[in-house]
Amino acid sequence: MKENQEVLFGLYDDETELLEAVKQAKAEHLDIMDVYTPFPVHGLDPILGLEESRLHIAGFIFGALGTLTAFLFMTWVFTRDWPVIFGGKPYWSVPAFIPITFELTVLFAAIGMVVTFYTICGLGPGVTNPVLDERISDDKFCLAFQTNGASNDSINSLKGFLQRTGASEVHQKVI
Amino acid sequence: MSAVVSPIREPLITGNKTYHQITEDLCGPTEKAPNLAWIIAFIISIAFLTFGVFCIAWTIWFGIGSWDLNRTIGWGWDITNFVWWIGIGHAGTLISAILLLFRQKWRTGVNRAAEAMTIFAVLCAALFPGIHVGRAWVVFYFFPYPNTRGPLWPNFNSPLLWDLFAISTYFTVSLLFWYTGLVPDFASVRDRAKGFRKKIYNFVSFGWTGSAKHWQRWESLSLILAGIATPLVLSVHTIVSFDFATSVIPGWHTTIFPPYFVAGAIFSGFAMVLTLMLITRKILNLEDYITIAHIESMNKIILLTGTIVGVAYLTELFIAWYSGYIYEQFAFYNRVFGPYWWSYVGMMSCNVLSPQIFWSKKMRRNIFVTFVMSIFINIGMWFERFVIIATTLARDYLPSSWSWYDPTWVEIGIYLGTMGIFFTLYLLFTRVAPVVAAAEVKSILKTSGDQYAGKNAHSHGHGHGHGHHHETTHKVEYDDTADSAPLSAATPMPETKVEEVTEVVEENTMEKVVEESIGIIDDVEDDLKKIEGIGPKIEGLLKAGGFKTFAALAGADLDAIQKILDDAGPRYRIHDPATWSAQAKMAAEGRWEELQKWQDELDGGKE
């Protein structure tokens with residue numbers, strides 16, 4: 001179990017206000033805990049300084065694994081384990097292996113990537129993550145700061161920052 | 001918001017929605033008790049489902065002999081229905097994957113329901129090979145698993161086995177894609193729910209928080225899944241067509257089958273999407289999200305794919321004649337004039353002739369016509385598969401073995417049963433999940449909502465008297481904008497073009513949309529792109545740097561502007577802002593004609 005986090009967060013009504021606020025927070029070198037939005041806000045990642053997702057690498061690796069699994073398995077079955085002649089074709093009839101090889105490539109890539117996605121995000125069936133505000137999945141855009149061990153002064157200045165940048169509501173919560 | 005959207009494009013979300021209103025409209029139906037129409041439809045569906053289950057049980061108990069298949073006609077309604085359902089299952093992934101790659105925003109209104117439809121249709125399809133094998137209890141022999149018979153492996157060279165892999169993969173990938181899209185919307189439902197409902201939706205929403213990093217990965221995942229689902233969706237019906245094309249039956253053994261089957265699948269899939277969506281939008285009051293613009297877009301795809309299918313039919317006939325191969329020629333003669341001529345007529349009239357009505361814009365936008373057409377196409381595509389399968393088999397090489405086939409009540413019952421399964425699942429889906437992808441619709445609201453795009457758009461910046469309602473500036477603006485091409489494409493009539501241009505510019509949407517796309521809204525802003533040398537990107541930089549109006553730019557220090565460009569990187573450093581403040585001064589003072597005259601002399605904003 002992670003220890004409790006004290007969170008100070010502001011709710012914005014519009015993504016453009018949020019983008020401006022995040023931009024400013026970065027300019028003032030504030031330590032942003034996270035940003036929560038009801039939908040993917042484009043242009044947020046570079047401002048937040050998020051690195052590009054490397055999920056596609058996982059996809060490629062799993063896909064390649066699928067390709068190899070299918071192709072090598074069929075090769076083994078038809079040349080080593082139980083060679084059978086179908087329609088006078090060679091045992092190792094590569095063109096006929098292509099459809100299944102392709103399908104398994106896609107299957108492995110998709111399953112692997114989805115499992116990777118949920119794993120690295122810490123999401124999954126039955127996982128309960130703390131919800132800062134129930135309207136974040138509706139129409140509020142949330143900018144959150146962690147305030148564990150922060151002095152009153154710094155909390156107040158953060159509050160001031162949130163209000164200054166147009167947050168319609170500012171809340172503190174222990175999660 | 002990542003791209004500049006033409007203001008001429010029709011809005012995809014009507015009714016002046018806010019984000020909250022979208023949540024209300026889309027999550028709301030899952031929270032209310034079902035209405036009478038839903039209950040009646042559900043009871044009917046369950047009745048069909050029950051009868052279907054009974055007929056399947058009958059088939060398994062008494063064997064395939066309860067069908068009218070015989071030694072000559074080994075495939076009848078079962079495989080016809082199988083291919084029909086698989087075809088219907090193609091629209092969902094096409095909409096969600098291919099249209100995502102093509103950045104078609106209208107897909108957000110229909111992708112969720114279409115994907116659900118795909119999954120249910122593939123389930124119905126998968127049923128048929130399962131029971132057609134006769135001994136349904138050993139159907140797992142299909143799968144290559146280490147068994148005690150050697151192990152003996154299935155024949156990996158057989159298209160029927162490829163089919164198994166293709167359909168299993170397609171089903172799995174579609175399900176993953178669909179569910180991943182559902183997770184954020186389940187979170188929305190969770191956050192509105194109370195008590196036990198909250199627990200259920202908490203479970204199915206996987207603990208989604210909406211964190212920026214999660215969204216980023218979610219988008220990346222969606223994009224890559226779309227990328228791999230695109231060849232997948234094309235492969236599935238290609239492989240289904242291999243079931244026929246790799247045989248040596250005249251009329252089946254043709255190389256045209258893969259593209260022809262894929263086009264037909266998309267065609268029938270869109271027809272079924274339309275059938276369902278037209279009913280769904282009415283019952284759930286989703287007219288603001290599934291608009292006439294959506295329906296028209298789908299009708300265009302129907303027209304295209306229907307025509308491709310038509311060309312394929314004619315090509316088949318031509319090649320049969322041209323090949324000089326009498327068995328092939330007979331197979332097609334038999335299709336057109338043989339004992340099953342009526343199914344060929346049904347196929348041709350429903351699939352090729354009737355969709356031509358959609359050349360008329362009026363018809364494409366008529367809901368009643370669209371609904372009737374979608375039913376026609378569903379029927380026509382069923383006939384197509386019947387023509388290919390039963391008609392071809394009925395007259396084989398030896399006239400002594402020619403045969404006739406009528407479905408028994410068991411076969412009809414199973415077909416109706418799959419309808420029951422399909423509609424039962426779909427109706428349940430409309431109760432438990434937002435039928436339209438709420439998060440995705442929210443993400444296009446600012447570019448495609450009717451308050452932002454289209455004729456009725458209004459701008460926050462409107463009414464500040466920037467002076468660019470002046471007639472002479474219109475041309476300048478459009479010449480400088482990347483949108484001028486789609487503009488003319490969207491409005492074929494020259495006189496309407498002029499009208500619309502004037503109207504839109506007066507509505508001040510162009511600036512609005514561009515501002516939106518850069519993510520800056522301020523009450524007092526000018527369209528800095530009017531200054532020669534400034535494009536949308538630089539405008540964004542300048543506005544971010546504090547120069548939002550012509551007046552601000554007119555008074556700006558040259559070094560300050562140069563610094564903004566330098567900071568933005570090498571792509572912008574090369575621009576020369578020397579004349580910008582002088583141009584801005586003219587604009588700020590409303591000296592438009594003078595400005596335009598000067599701009600004609602300037603070369604890309606440089607003297």
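Just so we're on the same page: letters track the sequence lines, and every chain starts at 1. Nothing here was measured: the structure is a model prediction, and the numbers come from that model.
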**Q** Would you check if A:Phe97 and B:Asn157 make a side-chain contact, meaning some heavy-atom pair closer than 4.5 Å?
**A** yes
**Q** Mind checking which of residues 158-169 of chain A sit less than 4.5 Å from chain B, heavy atom to heavy atom?
**A** none
**Q** Heavy-atom distances under 4.5 Å only: say whether B:Pro144 touches chain A with side chain, backbone, both or neither.
**A** side chain
**Q** Any side-chain heavy atom of A:Arg135 within less than 4.5 Å of one from B:His20?
**A** no
**Q** Flag the pair B:Tyr19 / A:Phe141 as yes when their ring centroid distance falls below 6.0 Å, and as no otherwise.
**A** yes
**Q** So what's closer than 4.5 Å to chain B heavy atoms on A:Pro95: side chain, backbone, both or neither?
**A** neither
**Q** Can you tell me how far apart CG (B:Leu232) and OG1 (A:Thr105) are? Round to the nearest 0.5 Å.
**A** 11.0 Å
**Q** Given a strict heavy-atom distance threshold of 4.5 Å, which part of A:Ile111 is in contact with chain B: side chain, backbone, both, or neither?
**A** both
**Q** Side chain, backbone, both or neither: which part of B:Ile22 has a heavy atom under 4.5 Å from chain A?
**A** neither
**Q** Kindly state each residue pair satisfying salt bridge (Lys or Arg N to Asp or Glu O under 4.0 Å) with at least one member in residues 77-88 of chain A, sequence neighbours excluded.
**A** none
**Q** Between B:Ser188 (side chain only) and A:Asp138 (backbone N and O only), is there a donor and an acceptor less than 3.5 Å apart?
**A** no
**Q** Test A:Phe108 against B:Thr169 for side chain to side chain contact (heavy atoms under 4.5 Å, CB included), laying out the working first.
**A** CA-CA 9 Å; A:Phe108 275 51; B:Thr169 303; over 6 Å; no
**Q** Considering only heavy atoms and a distance below 4.5 Å, find which of B:Ala166, B:Ser168, B:Ser220 pairs most often with chain A.
**A** B:Ala166
**Q** Checking ring pair (Phe, Tyr, Trp, His ring centres under 6.0 Å) for the pair B:Phe206/A:Phe117: CA distance, chi angles, key distance, verdict?
**A** CA-CA 12 Å; B:Phe206 286 8; A:Phe117 167 73; 9.5 Å; no
**Q** With only heavy atoms counted, which part of B:Ile239 is less than 4.5 Å from chain A, the side chain, the backbone, both or neither?
**A** side chain
**Q** Hey, mind stepping through B:Leu161 and A:Ile100 against side chain to side chain contact (heavy atoms under 4.5 Å, CB included) and telling me if it holds?
**A** CA-CA 9 Å; B:Leu161 193 77; A:Ile100 290 181; 4.1 Å; yes
**Q** Looking at side-chain heavy atoms only, is the closest gap between A:Val41 and B:Trp215 below 4.5 Å?
**A** no
**Q** Which bit of A:Val114 is near chain B, if near means a heavy-atom gap under 4.5 Å: side chain, backbone, both or neither?
**A** both
**Q** Could you check whether any side-chain N or O of A:Glu103 sits under 3.5 Å from a backbone N or O of B:Ile167, counting only pairs where one atom can act as donor and the other as acceptor?
**A** no
**Q** In terms of heavy-atom proximity below 4.5 Å to chain B, should A:Leu55 be classed as side chain, backbone, both, or neither?
**A** both
**Q** Heavy-atom distances under 4.5 Å only: say whether B:Gln216 touches chain A with side chain, backbone, both or neither.
**A** both
**Q** Is it true that a side-chain atom of B:Lys213 and a backbone atom of A:Cys121 form a donor plus acceptor pair closer than 3.5 Å?
**A** no
**Q** Closest approach of B:Ala212 and A:Leu48, non-hydrogen atoms and distance?
**A** CB-CD1, 3.6 Å
**Q** Checking B:Trp153 side chain against A:Trp82 main chain: does a donor-acceptor pair fall under 3.5 Å?
**A** no
**Q** Any chance you could lay out the side chain to side chain contact (heavy atoms under 4.5 Å, CB included) test for A:Met113 and B:Ile224, step after step, and finish with the verdict?
**A** CA-CA 9 Å; A:Met113 234 175 2; B:Ile224 305 165; 3.5 Å; yes
**Q** How about A:Val106 and B:Val173: do any of their side-chain heavy atoms sit closer than 4.5 Å?
**A** yes
**Q** So do the side chains of B:Trp218 and A:Pro40 get within less than 4.5 Å of each other, counting heavy atoms only?
**A** yes
**Q** Which bit of B:Val183 is near chain A, if near means a heavy-atom gap under 4.5 Å: side chain, backbone, both or neither?
**A** side chain
**Q** Does any donor atom in the side chain of A:Asn129 or B:Thr209 lie under 3.5 Å from an acceptor atom in the other side chain?
**A** no
**Q** Considering only heavy atoms, which portion of B:Asp185 lies under 4.5 Å from any heavy atom of chain A: side chain, backbone, both, or neither?
**A** neither
**Q** Minimum heavy-atom separation for A:Leu123 to B:Gly207, with atom names?
**A** CD2-O, 3.2 Å
**Q** Locate the shortest heavy-atom distance separating A:Phe78 from B:Pro154; write the atom from each residue and the value.
**A** CZ-O, 4.1 Å
**Q** Quick check: closest heavy atoms across A:Ser137 and B:Ala187, and the distance to 0.1 Å?
**A** OG-O, 3.7 Å
**Q** Find the distance between CZ (B:Phe165) and OG1 (A:Thr101) and round it off to the nearest 0.5 Å.
**A** 9.5 Å
